[in-house]
Number of protein chains: 2
Amino acid sequence: MKSTIPDTGVPITPPAGNGGDRQENRHEASLHGEILLRLRDYVVEGNIPEGARVPERQLCEMLGISRTPLREALKVLAAEGLIELLPNRGARVRQLSQRDLEELFDVMAGLESLAGRLACEAITDEEISAIEQLHYEMYGHYLHRDMHGYFQTNQRIHESIVAAARNETLKTAYSNFAGRIRRVRYSANFARKRQRWAEAMREHEAILDALRRRAGSELSDILFQHLRNKRTAAIEHLTEPQEDAPAAP
Amino acid sequence: MKSTIPDTGVPITPPAGNGGDRQENRHEASLHGEILLRLRDYVVEGNIPEGARVPERQLCEMLGISRTPLREALKVLAAEGLIELLPNRGARVRQLSQRDLEELFDVMAGLESLAGRLACEAITDEEISAIEQLHYEMYGHYLHRDMHGYFQTNQRIHESIVAAARNETLKTAYSNFAGRIRRVRYSANFARKRQRWAEAMREHEAILDALRRRAGSELSDILFQHLRNKRTAAIEHLTEPQEDAPAAP
DNA sequence: GTTGGCTATTTTGCATTCATTTTTTGTCGT
DNA sequence: ACGACAAAAAATGAATGCAAAATAGCCAAC
């Protein structure tokens, strides 16, 4: 029998690894920890449709474990905001309203804004060079209309700034929120907006400039605005997915 | 026999009596949810010494439940950063290094900075009036050297700003980090520094001013600096607890 | 054909039990 | 007396069992 989600009928395939039998692993990490990592990735990757009900039993079979460690992992994922636990009704992948997304984007903007400010206090010339390198690389993707490469490099730039802030607590929080947003495939159509794309490139240049000058509060401002604009573009696309010129040149 | 923490011998008294009355039915009627709320408060209040080992069995007896829901709550608290779970060695209250505190303060600064920026977009005149009211109240505490009242009102002001940001995600994250810091009684001696106290009052006036003018990025800057100064004062006190003039006039 | 109510099955929540791992304790030898 | 080693005790991690709640299934009534 195929495993399906009763509510939606969407089939769920197990995450990587052994599907059913208990190969004896060197228990380097605890089971619930392992499950947590796998489930988190699984959810973040978007393998489970939003709001879909996923019975514990099914997940247990899928992961080849009992319910106890699974439930522990689910509690953590709920605390992280990835799923929600309805009393006596099981776990559902958290459905993000447009308002939720706006809020998330703003918080991300605030965190990156903070990261930029802190980075200016501690960043080395080498790190700036590395970011410049990424910037040029991204510019190449932009010229070639390589959306995927662009987004990848763009993400690395922002992560570099966060890393340069030298604040593990910030980094963890950043990853957490980033994971919540990543579920939403908002960016799929973003690159079609050529105008916004060009704008983003200019903003990135301003970011680099402020970073070079170690202008903390200025960079903070620019980063916030940059993310704000990103938010606007992303949210628009949720309501009207098709727009502007086609992606291919 | 009295229930004690083996490692330290410090007795642990149960959190608020569970004499059958229920008041916090917010979104958790389930047992693990209730346990989570109670344990979180219990830890945040500082009832368990840092790094102290607390056997599950003991907590279970204390709370009158079995280990399953307790362990679920512990996993969540660990995810929140309040405690840490050592594999096969149980849960310990997380010990914050000076670096951890610095990081936490900076993140708090970033979140409040963000809150101020967002608040400028949405705050009403009535809310500003309310904050002004709190400000005068706080000024009274300042004049009377009422440290406790001052801190209480100060906290309400900052919470009001966060509330005015109209961002539940931000508010939740803010509460989370605030809880982590609250465990540390850093503020106990802060008010003894008269100079810093006067400085903080001036900063608060600048905050109000920027808020009235809805000057978002300016307020963002001021708030960050304000929290940064707070951080400096707090951290200093961890290394040299006694300083400056006595509190009583 | 649809709606309302009743029963059966599934699913969740928690307690209990089992298996390792860690910690304590007791003993022996030097 | 002190330290090393071994056995006992206790603690943790995971699986299973059981009661309550929720879902679905079914039949009758309109």
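Just so we're on the same page: letters track the sequence lines, and every chain starts at 1.
- A salt bridge does not link A/Glu121 with A/Arg166: every distance from a Lys NZ or Arg NE/NH1/NH2 to an Asp or Glu carboxylate oxygen is 4.0 Å or more.
- With values rounded to the nearest 0.5 angstrom, A/Phe105 atom CZ is found 4.5 Å from A/Ile181 atom CD1.
- Under the rule for a ring-ring contact (aromatic ring centres under 6.0 Å, His included), the partners of B/His158 that lie at least two apart in sequence or sit in another chain are B/His204, B/His226.
- Remark: the A/Ser66 side chain and the D/dA14 base include no donor-acceptor N/O pair separated by less than 3.5 Å.
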Pairs: protein N or O with nucleotides 8-13 of chain D N or O, under 3.5 Å:
{"residue": "D/dT12", "atom": "OP1", "partner": "B/Glu56", "partner atom": "N", "Å": "3.4"}
{"residue": "D/dT12", "atom": "OP2", "partner": "B/Glu56", "partner atom": "N", "Å": "3.2"}
{"residue": "D/dG13", "atom": "OP1", "partner": "B/Asn88", "partner atom": "N", "Å": "3.3"}
{"residue": "D/dG13", "atom": "OP2", "partner": "B/Arg71", "partner atom": "NH1", "Å": "2.6"}
{"residue": "D/dG13", "atom": "OP2", "partner": "B/Arg71", "partner atom": "NH2", "Å": "3.3"}
{"residue": "D/dG13", "atom": "N7", "partner": "B/Arg67", "partner atom": "NH2", "Å": "2.8"}
{"residue": "D/dG13", "atom": "O6", "partner": "B/Arg67", "partner atom": "NH1", "Å": "3.3"}

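- B/Glu34 has its CD atom 15 Å from the P atom of C/dG13, to the nearest Å.
- Taken to the nearest 0.5 Å, the CD1 atom of A/Ile65 stands 12.0 Å off from the CZ atom of A/Arg71.
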Between A/Leu39 and A/Leu74, is a side-chain contact (heavy atoms from CB on, under 4.5 Å) present by the stated rule, with each step listed? CA-CA 8 Å; A/Leu39 255 187; A/Leu74 287 179; 4.0 Å; yes
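- Atom CZ in B/Arg92 sits about 8 Å away from atom P in C/dT23, given to the nearest Å.
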